[in-house]
Amino acid sequence: MSGPYDLIVIGSGPGGYVCAIRASQLGMKVAIVEKRNTHGGTCLNVGCIPSKALLHASHAFDEAKSHFSKMGISVSPQLDLEQMQAFKAEGVKGNVDGVAFLLKKNKVDHYHGTGKILGAGKVGVTFINGETETLDARFIVIATGSDVAQLPGITIDETAIVSSTGALELTSVPRKLLVIGAGVIGLELGSVWRRLGADVTIVEYLDRILPGMDADVAKSFQRILEKQGFTFRLGSKVTSATVQGDGVAATVEPAAGGAVETLGADVVLVAIGRVPYTDGLGLVEAGISLDGRKRIVVDTHFQTSVMGVYAIGDVIAGPMLAHKAEDEGVAVAEILSGQAGHVNYDVIPSVIYTSPEVATVGKTEEELKAAGIAYTSGKFPFLANGRAKVNRTTEGFVKVLADSTTDRVLGVHIIGPNASELIAEAAVIMEFGGSAEDLARTCHAHPTLSEAVKEAALSVATRAIHM
Ligand code: FAD
Ligand code: NAI
């Protein structure tokens, strides 16, 4: 290993490692500094990847338990949670090893230690054994991600009161799981433990689940989850949670204040959002500005208030999503190489990997109304889709929102089977400025779930065939 470098990236999550690889592809001499022992950041180690492994495995268990018999398959599934956790760990290892391989293949030097900005072009690294080294570079990219948001008065011990990290590591199925926050983590990890047998109650401060998501979708989704056995306490807040014996006692009251109730649970999951992670980076001393939500302020080229220092991913504004961080990583590497790197923030898909899945891209109806944009909505239920019918996965719908004047697709919202994959064609049509008619006139294979997307697009012009 040696310097000086063209680029030093701090943090090897999806933002950082992708940035490092792209910069190396473009001919830069690159180093990455990561304080974990493994690469891949939150996403690969304690986020996207382990949660999807448990969602996949718990879904398979639920299918075997509840749905195989109607297909003529008789089984009596038994849960071996230790093996399920081992399945998850193996998937995580495969992914983090894959990133290490890619960094090596792209000749990115890596330093496992905590990075600190010592000024423009200078990064100090403190290794686990306490030794330090100073690295020099023309450019620095901060990609340090985010951390769990804490709830005042509630101490996360990752055993009885857990964040997503502890909820991914439980060694037994809680009889009662109390989740604070009906956001993405609450619904995904609530689904995992619900399918494995937990009684799940979700306490949400607002009077709806999934704030920011299309309200029509959120409402339908809540009904579907209630049918699966979820209990929602909307418009409520947890004011304390205390470990008592083998369980936790949590006090809940209306969001606006009022009568206090105590709920007992075996495990409480705190899932009220995430906050940018900038601890120990030396930002203030380096003169790097933060906004009111402690996010690093960047310009349209991802440059911070200090020349030569850039930031991407969860640590800056925007949705906290792995693919958003990746796209920013590519864009900043291209900008630093003199190319025109760019991220289209209007077309960033977002997925909730529950069953059914929820996937969305572009504007919601509420956003279009607030912006005074006239739109037409086309909706198609999976109940009328041949493939969904034969698979008996008919819950949900596709909704296409198109500009009333130009017919340009402005938003697509899906609840249903494989929504995570179906949303990709909506993103492509929107990236190319396509219309609902373009989507409707594209030949879709039969029988596929994607025909529901085509039919929803046809429905914008009130000419769906199968409804
Ligand atoms: P991170 O992935 O957080 O990586 C930052 C890295 O920087 C970390 O490895 C950290 O150790 C390192 N670091 C921090 N400070 C320093 C320092 N001073 N020196 C050296 N290294 C440092 N997003 C999706 O798109 N899809 C999903 O399905 C999804 N599922 C999720 C599930 C869970 C349970 C959670 C918690 C998150 C999930 N996310 C998902 C969000 C996703 O993980 C983040 O948006 C993504 O990881 C952000 O990438 P990043 O590169 O900005 O930061
Ligand atoms: P979130 O922002 O999605 O949801 C938090 C929820 O908690 C909101 O509904 C909010 O109103 C509620 N809340 C806040 N304070 C509360 C309080 N005191 N009492 C009760 N409810 C309260 O955050 P979440 O679920 O923690 O996820 C964090 C981030 O991780 C998200 O931004 C998301 O983008 C990312 N993520 C993405 C996934 C995906 O893409 N599939 C999966 C998991 C996480």
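Basis for what follows: all heavy atoms, side chains included, without hydrogens, waters or symmetry-related copies. Order of appearance sets the numbers: ligands from 1, and atoms from 1 within every ligand.
Counting heavy atoms closer than 4.0 Å to ligand 1, residue Cys48 contributes atoms from both its backbone and its side chain. With a heavy-atom cut-off of 4.0 Å, Pro50 does not touch ligand 1 at all. Counting heavy atoms closer than 4.0 Å to ligand 1, residue Leu321 contributes atoms from both its backbone and its side chain. Proximity of Val184 to ligand 2, defined as any heavy-atom pair under 4.0 Å, is shared by backbone and side chain alike. Within the 4.0 Å heavy-atom criterion, neither part of Leu189 lies near ligand 1. Under 4.0 Å from ligand 2, the heavy atoms of Val351 that appear belong solely to its backbone. Residue-level proximity to ligand 1 for Glu188 is absent, since no heavy atom of it falls below 4.0 angstrom. Contacts between Leu151 and ligand 2, counted as non-hydrogen atom pairs separated by less than 4.0 Å, involve the side chain only. Using a 4.0 Å cut-off between heavy atoms, Ala322 contacts ligand 1 through both its backbone and its side chain. With a 4.0 Å heavy-atom cut-off, ligand 2 is reached by the backbone of Ile272 and by its side chain too. Counting heavy atoms closer than 4.0 Å to ligand 1, residue Ser51 contributes side-chain atoms (C-beta onward) but none from N, CA, C or O. Contact annotation for Lys324 and ligand 1: no heavy atom of the residue comes within less than 4.0 Å of the ligand.
The existence of a salt bridge linking Lys29 and Asp6 is excluded, since no basic side-chain nitrogen approaches an acidic carboxylate oxygen closer than 4.0 Å. A salt bridge does not link Arg195 with Glu63: every distance from a Lys NZ or Arg NE/NH1/NH2 to an Asp or Glu carboxylate oxygen is 4.0 Å or more. Under a 4.0 Å N-O distance rule, the pair Arg22/Glu334 qualifies as a salt bridge. Using a cutoff of 4.0 Å between basic side-chain nitrogens and carboxylate oxygens, Arg223 and Glu395 are not scored as salt-bridged. We find that Asp199 and Arg194 are not joined by a salt bridge, their nearest charged nitrogen and carboxylate oxygen being 4.0 Å or further apart.
Considering backbone and side-chain atoms alike, Arg274 places every N or O at 3.5 Å or more from each N or O of ligand 1. Considering backbone and side-chain N/O atoms, Ser164 never comes within less than 3.5 Å of an N/O atom of ligand 1. Here's the thing with Asp314: one of its N/O atoms is less than 3.5 angstrom from an N/O atom of ligand 1. Note: an N/O pair closer than 3.5 Å links Glu204 and ligand 2 by distance alone. For the pair Ile185 and ligand 2, the shortest N or O to N or O distance falls below 3.5 Å. Geometrically, ligand 2 and Tyr353 share no nitrogen or oxygen pair separated by less than 3.5 Å. The N/O atoms of Gly115, backbone and side chain alike, include one that comes under 3.5 Å of an N/O atom in ligand 1. Checked against a 3.5 angstrom limit, the closest N/O atoms of Ile185 and ligand 1 fall outside it.
Atoms of ligand 2 found under 4.0 Å from any heavy atom of Ile180 (numbered from 1 in listed order, with element): 19 (N), 20 (C). Every atom of ligand 2 is numbered from 1 in the order shown, and the set under 4.0 Å from a heavy atom of Val203 is 20 (C), 21 (N). For ligand 2, the atoms closer than 4.0 angstrom to any heavy atom of Met320 are 32 (O), 33 (C), 34 (O), 35 (C). Atoms of ligand 2 found under 4.0 Å from any heavy atom of Leu206, numbered from 1 in the order shown, are 11 (O).
Distances from atom 4 (O) of ligand 2 to the heavy atoms of Ala149, Gly183, Ala218 show the closest one on Gly183. Residue nearest to atom 5 (C) of ligand 2, selected from Gly186, Ala271, Ser350, Ser420: Ala271 (by heavy-atom distance). Taking only non-hydrogen atoms, the option from Ala167, Gly47, Ser163 nearest to atom 37 (C) of ligand 1 is Gly47.
When each of Asp97, Ile21, Val18 is checked for a side chain to side chain contact (heavy atoms under 4.5 Å, CB included) with Leu102, only Ile21 meets the rule.
Every heavy atom of Glu326 sits 4.0 Å or more from the atoms of ligand 1. At least one heavy atom of Gly113 sits less than 4.0 Å from an atom of ligand 1.
There is a side-chain donor-acceptor pair under 3.5 Å between Thr251 and Thr239. Counted by atom type alone, Lys88 and Gln85 present one or more donor-acceptor pairs between their side chains at under 3.5 Å.
At the top of the distance list for atom 28 (C) of ligand 2, counting protein heavy atoms only, stands Arg274 CG, 3.6 Å. If you check which protein heavy atom lies closest to atom 21 (N) of ligand 2, you get Tyr205 N, 3.2 Å. Atom 7 (O) of ligand 2 has as its closest protein heavy atom Gly181 CA, 3.3 Å. Of the protein's non-hydrogen atoms, Gly273 CA, 3.2 Å is the one closest to atom 23 (O) of ligand 2. When hydrogens are left out, the protein atom nearest atom 21 (N) of ligand 1 is Lys35 N, 3.2 Å; that is the closest non-hydrogen contact. Of all protein heavy atoms, the one lying nearest to atom 16 (C) of ligand 1 is Thr144 CG2, 3.6 Å.
Protein non-hydrogen atoms do not reach within 4.0 Å of atom 31 (C) of ligand 2.
In summary, the aromatic rings of His301 and His342 are positioned with their centroids too far apart to meet the 6.0 Å limit.
Remark: Lys237 fails to qualify as a cation-pi partner of Tyr205 under the 6.0 Å distance and 45° angle criteria applied to the six-membered ring.
Among pairs with a residue in residues 114-127, those fulfilling side chain to side chain donor-acceptor pair (under 3.5 Å) read Lys122-Asp136, at least two apart in sequence or across chains.
In this structure, NZ in Lys52 is found 6.0 Å from OH in Tyr353, a value given to the nearest 0.5 Å.
Scored by the side chain to side chain donor-acceptor pair (under 3.5 Å) test, Thr360 finds His413 as partners (sequence neighbours excluded).
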*Under the side chain to side chain contact (heavy atoms under 4.5 Å, CB included) rule, what do Ile296 and Ile288 come out as? Steps first, then yes or no, please.*
CA-CA 7 Å; Ile296 296 178; Ile288 294 172; 3.9 Å; yes
